[in-house]
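Heads up: the structure comes next, in structure tokens.
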Amino acid sequence: MTGSSLTSAPAETLGIDIATARALPKAEVHVHLEGGLALADLLWLAKENGESLPGPAATLFDVSTHTDFEMPEETTGGGDGVGTGGLSGFLRFLDWQCGLVRTPDQAARVAYAFAARQSSSGVRYTDAIVNPTHWHGWRGKEHDLMAAIAAGLAEAEQDGLCVVNLAWSLLRSQTATEAREIVERIVAGPSPRIVALSVDGDEKVAGRTGEKFSEAFTLARDAGLHRTVHAGESSGPEGVWDAVDLLHAERIDHGVRAIEDPALIERLISDGIALGVCPRSNLTLGVYDGWASHPLPALLDAGVLVTLNTDDPEPLGTTLAHDWVETSAHFGWGLDVMAGFAARSIDASFADDSLKAALHADLSETVATARAKQKSTEMAR
Ligand SMILES: [Zn+2]
């Protein structure tokens, strides 16, 4: 803990507690279904499929021990050209675990469990990113995979759990033609719950891919699909510029390195482009050294529409509610600031307008109740 803001902050702004973090109705806009498979999911999947684990069950999610593990030849679909360590090794691990999902029923069950875990953090709406190239058992059947996931999410919603929609993510090493065909097929439908086109993966390995995917993202925009783009994590501001100028991004996943370019910050603000920031992911994967150097407060102060997300909660060993508590403590943010994050998460999401309105109404009520509780606690002192 670096804690300069922690020690200098007045007592009432030392962050929110876990109950408040859970109670705030919110959306999560930067989370990967691939990073939402729990350890228990991996164990039952491996057992059901007769697969052995690459390491001890209890430490399977210790990313550092898996950065150089040997994967069978056929599991490298999402990891072409990746090296070892950091983000690349992490992506290879995701490939391995998604390879365990082999039947529509298994895909539906992991999606249902994901929605349940979102709910337990008080997440009421999620745009979940799915990159079918990681799910190597589904090559040529990617739409069947998405339909199976959507079925699990529909059941979850019916059972009163978090509403989860899907952002189909391209891999940076895919070709322009592959990307265009994917969008054409999504648009032709049926594509239940697919509300957005996305691109993720390691920008360092693939280089600039804005131009390559421009046609696909333009097609998506013209067909009414939302657009969200990973940039400004392993790329600098130039990746974010490409996302905005070439890919018509409505939201940037990460985007933290935009802080290095004042003109870009101005552009994000004037175009109302939100950032799906994930500080814990950035610190774990070494994008920043520690909380003190993370640009989240600077982005917030600049007036960018920043949201606070997990990225890959299960392998990172966290939940959204837990990350909200920790982030609020590190930066000395109390209820008002965190309620602002909740409100922006709803605005930045691709939920439909009626759900957004309902979530805002619930948020106002929750904040009013929490403020009243705070006041009575202060008066009792
Ligand atoms: Zn991500």
Side-chain angles (χ1 to χ4, degrees), residues 27-37 61 63 78-79 82 86-95 97-98 114 117-118 121 123 126-135 149 164-174 194-206 209-210 213 217 226-236 239-240 242-243 247 249-258 273-288 294-296 299 305-320 323 327 345 348-350:
E28 184 162 25
V29 300
H30 181 178
V31 58
H32 300 258
L33 187 59
E34 293 88 4
L37 271 64
F61 277 144
V63 176
V82 296
L87 180 59
S88 293
F90 185 65
L91 293 174
R92 291 207 313 166
F93 175 73
L94 296 184
D95 277 0
Q97 59 153 41
C98 292
F114 170 80
R117 285 191 295 278
Q118 292 296 94
S121 273
V123 181
T126 302
D127 287 318
I129 298 163
V130 182
N131 184 329
T133 65
H134 290 300
W135 308 64
I149 290 169
V164 184
N165 282 331
L166 301 170
W168 182 309
S169 203
L170 305 171
L171 189 73
R172 289 184 195 278
S173 55
Q174 286 183 293
I194 299 175
V195 295
L197 182 67
S198 153
V199 57
D200 62 5
D202 196 336
E203 300 159 275
K204 249 185 213 151
V205 170
T209 52
F213 294 136
F217 274 83
H226 291 291
R227 287 87 51 204
T228 183
V229 174
H230 272 62
E233 177 197 21
S234 50
S235 67
V240 182
D242 283 356
L247 304 180
E250 294 165 86
R251 214 166 55 212
I252 307 291
D253 299 311
H254 294 297
V256 279
R257 293 192 56 199
I273 296 169
L275 302 186
V277 177
C278 309
R280 176 190 296 272
S281 165
N282 294 155
L283 300 188
T284 304
L285 297 177
V287 181
Y288 294 98
H294 197 281
L296 183 57
L299 290 163
L305 295 171
V306 279
T307 62
L308 182 49
N309 309 270
T310 56
D311 207 4
D312 296 290
E314 295 298 329
L316 292 173
T318 194
T319 65
L320 190 63
D323 274 10
T327 304
S345 74
S349 78
F350 299 144

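All ligand and atom numbering here is 1-based and tracks the order in the structure. A quick note: this is a predicted structure, and the numbers were derived from the prediction, not measured. Computation of the quantities below employed the complete heavy-atom set of this structure, encompassing side-chain atoms and omitting hydrogens, waters and symmetry-equivalent molecules.
Applying side-chain contact (heavy atoms from CB on, under 4.5 Å) to Asp127 and the options His226, His30, Arg251 leaves one that passes, Arg251.
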Pair Phe114-Val31, side-chain contact (heavy atoms from CB on, under 4.5 Å): steps then yes or no
CA-CA 11 Å; Phe114 170 80; Val31 58; 4.0 Å; yes
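Looking only at atom types and distance, the side chain of Gln97 has no donor-acceptor partner in the side chain of Glu34 under 3.5 Å away. Side-chain atoms of Glu250 and Thr228 form no donor-acceptor pair, as typed in the model, at a separation below 3.5 Å.
Remark: Asn131 pairs with Thr133, Asp200 by the side-chain hydrogen bond (donor to acceptor under 3.5 Å, both in side chains) rule, at least two apart or across chains.
Inside a sphere of radius 2.8 Å centred on the Zn ion (ligand 1), the protein N/O/S atoms present are His30 NE2, His32 NE2, His230 NE2, Asp311 OD1.
Once rounded to the nearest 0.5 Å, the distance linking NE2 of His254 with OG of Ser281 reads 4.5 Å.
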